[in-house]
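Worksheet: one structure, shown below.
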2 protein chains.
Amino acid sequence: MTASTRTLIVEKADTLFYEGGFEATSFADIAAVVGISRGNFYHHFKSKDDILDAVITRRIARTRDMLDAWQDQGDDPRQRILSFIRMLIANRAKIMAFGCPVGTLCSELAKLDHAAQGRAVDILGLFRDWLAGQFRELGAGARAEPLALHLLSWSQGVAVMASAYRDEAFIHSEVAGIENWLANLPELSPVP
Amino acid sequence: MTASTRTLIVEKADTLFYEGGFEATSFADIAAVVGISRGNFYHHFKSKDDILDAVITRRIARTRDMLDAWQDQGDDPRQRILSFIRMLIANRAKIMAFGCPVGTLCSELAKLDHAAQGRAVDILGLFRDWLAGQFRELGAGARAEPLALHLLSWSQGVAVMASAYRDEAFIHSEVAGIENWLANLPELSPVP
DNA sequence: GACTTATTAGGACATTTGTCCTATTTCTTC
DNA sequence: GAAGAAATAGGACAAATGTCCTAATAAGTC
């Protein structure tokens, strides 16, 4: 069972948008990678913005799946939050080359004043809500949401700096800092 | 004394590159804002990359001037670092709309695999070196450089999140967090 | 096997891109 | 004021862009 052309287009466009940026990626680029003719796109999508929309939809679905998987992998919220943090380590090569897929897309779409910016931010929102849920479980109460935003912000900063300097040691040292922060949050019940 | 055309081009291009991105800004856009004809560019610059180079050179010079001004405005390194931090407040409107000028440029050029990426990162380097100098004065020793990188990273994260959510309250709360962090750094001599 | 639908290739299309060329205007210097 | 240099406008240029159209092929259905 081979993937449908439509799915293939979305997959390849996703990668190209991430690695080269949305604006800088052309139909010709996607066509070359997918191996179809340029005119054939419009049987599957009615515009380039439509492809972006499908890419974001795919990212939302995949993010949901990832968060669900993290949710099922243990009953300790602190451990689940570590799964999020360690994304920085797991994806370090790509992050050093292209930054965070979500953060850089949001930044680019903000500058383009693109209609899809809100949906791109929604991906960030999935992480925020999920993290807030974990902090709530840890007894953070009303501080759960700010803590989630702070952690998200922290990882965005690490991604920007890591891609600017292509510095793997920096990622590791910041991840250690985040883990330390998490283990010593004064509002929460301490690590058992 | 009116600014030269060359200077005007660089100024307007700087703004457009920041607010709309480098790739998405065309010669026609710059020409329209400056009020000159498209063909006239090549009397002043030999390519679009040349304009980007001039824009980065200008940003480097202006950053140097700003850091020098901060340096002269008091003898307390902690106070000087606060000048850096409060940039987030002073420029919050633009940051919420377009992110950090330096961080977003570095991110975009990384994706474009552009030759000027290194020079864009050099702007970040000015801040890093200056901040490291302040931390050194505070007695941070070998920790000065990592602390500078951490602070830079923190502010980059705030800029990304602020532009994604256009959330002014978030900027204020994170700035408060940074100030608190600065006041309680364990390695350094405490606030007098 | 005939018929319909889905999928594809290939190219046309107007527009925009960065770049370059050539006149013409403006400024400077004697 | 004349001569030379600097600056500008306007358009030409090929290449690339997103979009659309049409004809051909493939797949699926009766």
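Each chain gets a letter, A, B and so on, in the order its sequence line appears, and its residues count up from 1.
- Contact check, B/His44 against D/dA6: no side-chain N or O comes under 4.0 Å of OP1 or OP2.
- B/Asn40 contributes no side-chain N or O that, together with a main-chain N or O of B/Ile36, makes up a donor-acceptor pair within less than 3.5 Å.
- Rounded to an integer number of Å, the gap from B/Lys46 NZ to C/dC21 C1' is 19 Å.
- The side chain of A/His43 lies closest to C/dT8 when the candidates are D/dA9, C/dT8, C/dA12.
- Nucleotide D/dT19 holds its C1' atom 12 Å from the CD1 atom of A/Ile51, rounded to whole Å.
- Within 6.0 Å of CG on B/Asp75 lie no more than 12 heavy atoms contributed by other residues, nucleotides or ligands.
- In this structure, B/Glu23 atom CD and C/dT16 atom P are separated by 17 Å, rounded to whole Å.
- Among the candidates A/Ile51, A/Val55, A/Asp49, the single residue satisfying the side-chain contact (heavy atoms from CB on, under 4.5 Å) test with A/Phe22 is A/Asp49.
- The distance between atom CG of A/Leu8 and atom C1' of C/dT8, rounded to the nearest whole Å, is 14 Å.
- If you take CG of B/Asp49 and C1' of C/dT17, they are 14 Å apart, rounded to a whole angstrom.
- In this structure, of C/dA6, D/dG18, C/dG18, it is D/dG18 that holds the atom nearest to the side chain of A/Tyr42.
- Distances from the side chain of B/Ser37 to the nucleotides D/dT19, D/dG10, C/dT8 place D/dG10 closest.
- Distance CG (B/Asp29) to C1' (C/dT15): 14 Å, rounded to an integer number of Å.
- Checking D/dT8, D/dT19, D/dT17 against every side-chain atom of A/Ser26, the shortest atom distance belongs to D/dT17.
- For B/Arg38 and C/dT19, the CZ to C1' distance is 10 Å, given to the nearest whole Å.
- Residue B/Ala28 places its side chain closer to C/dT17 than to any other of D/dT8, C/dT17, C/dA12.
- Taking only side-chain nitrogens and oxygens, A/Ser47 never comes nearer than 4.0 Å to OP1 or OP2 of D/dG18.
- Between A/Glu23 and A/Lys111 no salt bridge is recorded (no basic side-chain N to carboxylate O distance below 4.0 Å).
- OP1 or OP2 of D/dA9 sits under 4.0 Å from a side-chain N or O of B/Asn40.
- A donor-acceptor contact shorter than 3.5 Å is absent between the side chain of B/Thr25 and the backbone of B/Gly20.
- At whole-Å resolution of the value, CZ in B/Arg6 and P in D/dT8 are 13 Å apart.
- Closest to the B/Lys48 side chain, of the nucleotides D/dT8, D/dG18, C/dT19, is C/dT19.
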